[in-house]
There are 2 protein chains.
Amino acid sequence: MTLPPSEGRLPLPPALPRENGRPSSPCALCAARQFSVCAPLDQDSQVRFFALATTIRLEQRRTLFQEGDPAGHVFNLTDGAVSISKALADGRRQITGFLLPGDFLGLQQGDSYAYTAEALTPIALCRFPIEKFQRFLSETPGMEHRLLSMASNELAAAQDQMLLLGRKTAVERVASFLISLSDRHAARGRPGSPISLPMTRGEIADYLGLTIETVSRAFTRLRKEGRIVLDTVDRVRFPDLGTLREIATGG
Amino acid sequence: MTLPPSEGRLPLPPALPRENGRPSSPCALCAARQFSVCAPLDQDSQVRFFALATTIRLEQRRTLFQEGDPAGHVFNLTDGAVSISKALADGRRQITGFLLPGDFLGLQQGDSYAYTAEALTPIALCRFPIEKFQRFLSETPGMEHRLLSMASNELAAAQDQMLLLGRKTAVERVASFLISLSDRHAARGRPGSPISLPMTRGEIADYLGLTIETVSRAFTRLRKEGRIVLDTVDRVRFPDLGTLREIATGG
DNA sequence: CGAGTCGTTGACGCGTTTCAAGTTCGGTGG
DNA sequence: CCACCGAACTTGAAACGCGTCAACGACTCG
């Protein structure tokens, strides 16, 4: 299975340098040093670690795993975008996160996944069988420390999102969403503006606890007020990140 | 400073057995084995661990630390109830969690607290200086594993709360809140009904992303429909947990 | 060219918020 | 012991932001 020319919705870094068969983005656990507080793995550990992984690819809109599926693997996203979501019995859905290259997913307590993971674009991942991964964890000093610090960051992000969902208006939510996407791009050394939106309005709505129509109206309002420029429907520029940030925080 | 007879709002376990000066509730990190996937610490490690801690007490409504304060300690709550919250500049507030005895708080990335922690009732905590705690972590096999599993559980709870905040109605939110409190009591071996509510309607509102009035109306509606019985304003009985659970999940 | 998906916009309805009284209850002081 | 007070809670009425329903345009793909 090969990755189509990738003109789904996410152009992303047109082509990150590809080193001798390894995935095109560094593995968050082993190489994304800027996100970790602990010393990176040594050369030997990295080799042992990569030996555990299989690279897999998935087409746009495919489900990686569903809430309740037996949890057999953990993953590291190397290309594309993924949504993490939970749903109620009647279909109401909440997307709890969007994952970008370098993000890690699938680790949790219990023997089944607590959420659904879907490909927003064609994706590529490193896949680790969970027992092998756990064994590597326990054998490799510093790995759990690193995972703990990643989990702490996720927890802080989750709290920000709860503040958004519980207390922000529709326009504030959309502004916050755009700011956080921009910041994530900037944190990886890519420009914070313009950015591409690999997700649809419906997916943004499910992430922000709104409807498609309300998200669309918020985009329109931000555009008419000059806070954003929509080059295309999935490409946004920010003439003034400072003001947008103020809108996002209700300041 | 001594703890008053504790008739604030939280009678809680009237008097857990108190062993030779140790806090009345077991430390989540060392003793609450039912919440951990890893082997408990050995006797020696426990002794070394407790040597790091100071027991402190705080009166009702006092702030333990605020969002932005330099982070100097981590804590383990041993008695009472604590709220964790974040706020916007204009005062809108979101409570992201309620902590009960046995819960752990204060560990995060960065050198300042990312949220505010307040005593809902008179509280007692074990306090660990963060550097000593970190050193103990790195010296004690299994500790980071345990913290990681705790963080994973918190992350799963945070995702549930996002689903609640983004997609549930007011009555569903209140029902979910009551169910989760009941479940937490049951998980600690205490009766799941009746339960006491150590927090005010305003604090419940800030947790559920609602207003005081809406929370009150939801309580009234659940009461009139026979789903709950309010012995007093802060004591709830559940005649039929199954039906309440269905309401909570929109099923 | 027709069908389908996605996004935008308008009109209207509804659930929650806002504003405003009241009620209950525990604590305090006369 | 009781009157008073304030905090917390409840209830009602009106306002409003977001959801729902519907129409339509832009674009893609057969």
Side-chain angles (χ1 to χ4, degrees), chain A residues 4-10 59-61 88 90-94 120-121 164-175 196-224 228 230-236 247 250, chain B residues 4-11 59-61 83 88 90-94 120-121 164-175 196-224 228 230-236 247 250:
Chain A
S6 183
E7 267 317 295
R9 272 182 84 95
L10 187 78
E59 293 166 18
Q60 195 169 17
R61 289 185 201 303
L88 295 172
D90 61 10
R92 280 175 286 173
R93 181 174 78 141
Q94 180 66 35
L120 298 177
T121 65
L164 178 151
L165 291 170
R167 292 302 183 209
K168 290 187 184 178
T169 67
V171 167
E172 288 167 355
R173 292 183 200 202
V174 170
S196 66
L197 305 177
M199 63 293 285
T200 66
R201 296 291 188 269
E203 286 152 352
I204 297 173
D206 278 349
Y207 180 60
L208 299 178
L210 300 170
T211 60
I212 292 179
E213 295 91 331
T214 302
V215 169
S216 180
R217 281 185 253 265
F219 267 94
T220 300
R221 189 168 142 196
L222 288 171
R223 180 171 53 72
K224 286 187 174 163
I228 63 174
L230 287 169
D231 294 338
T232 67
V233 76
D234 60 0
R235 189 161 198 85
V236 198
I247 293 172
Chain B
S6 182
E7 267 318 295
R9 271 181 85 93
L10 188 79
E59 292 166 19
Q60 193 169 19
R61 297 194 189 296
S83 74
L88 294 172
D90 60 11
R92 278 175 287 173
R93 181 174 79 139
Q94 181 66 35
L120 298 178
T121 67
L164 178 151
L165 292 169
R167 292 302 182 210
K168 289 188 184 178
T169 67
V171 167
E172 287 167 356
R173 293 183 200 202
V174 170
S196 66
L197 305 176
M199 63 294 284
T200 67
R201 296 291 188 267
E203 287 152 350
I204 296 173
D206 279 349
Y207 180 60
L208 299 179
L210 300 170
T211 60
I212 292 179
E213 295 91 330
T214 302
V215 169
S216 179
R217 280 186 253 267
F219 267 95
T220 300
R221 192 170 140 194
L222 288 171
R223 181 172 53 71
K224 285 186 176 166
I228 63 174
L230 288 169
D231 294 339
T232 68
V233 76
D234 60 1
R235 189 160 200 85
V236 199
I247 294 172

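All chains are named by letter (A, B, ...) in the order of the sequence lines, taking the proteins before the strands, and each is independently numbered beginning at 1.
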Exercise for review: To the nearest Å, give me how far apart CZ (B:R235) and C1' (D:dA8) are.
Suggested key: 19 Å
Review point. Rounding to a whole Å, what distance do you find between B:L208:CG and C:dT17:C1'?
Key: 15 Å
Practice item. Indicate for each nucleotide in nucleotides 12-30 of chain D, in 5' to 3' sequence, whether protein heavy atoms under 4.0 Å reach the base (B), only the sugar-phosphate (S), or nothing (-). Key: BB----SSBB---------
Review point. Is it true that A:R221 and A:E172 make a salt bridge, defined as a side-chain N closer than 4.0 Å to a carboxylate O?
Key: no
Revision key, fill the gap. Taken to the nearest whole Å, CZ/A:R61 to C1'/C:dG4 is 13 Å
**Study point:** d(CG, A:L197; P, C:dT8) in whole Å
**Key:** 10 Å
Point to revise | Results of salt bridge (charged side-chain N to carboxylate O under 4.0 Å, His left out) for A:R167 - residues two or more places apart only | key: B:D206
Point to revise | Whole-Å distance separating the CD1 atom of B:I212 from the C1' atom of D:dA8 | key: 8 Å
Practice item. Specify the separation, in whole Å, of atom CD of B:E203 and atom P of D:dA7. Key: 15 Å
**Study point:** Nearest-angstrom distance from the residue atom CZ of A:R223 to C1' of C:dT8
**Key:** 9 Å
Revision key, fill the gap. Rounded to whole Å, CD1 of B:I204 lies from C1' of D:dT10 at a distance of 14 Å
Check your understanding: Of all residues at least two apart in sequence or in a different chain, which pass the ring-ring contact (aromatic ring centres under 6.0 Å, His included) check with A:Y207?
Key -> A:F98, A:F177
Review point. Considering all heavy atoms of both residues, which atom of A:Q94 and which atom of B:G166 are nearest to each other, and what is their separation?
Key: OE1-CA, 3.3 Å
Study note, to complete from the structure: Between B:L197 and B:V233, the two heavy atoms sitting closest are CD1-O, 4.2 Å
Revision key, fill the gap. What one should report as the nearest heavy-atom pair of A:V215 and A:I204 is CG1-CG2, 3.9 Å
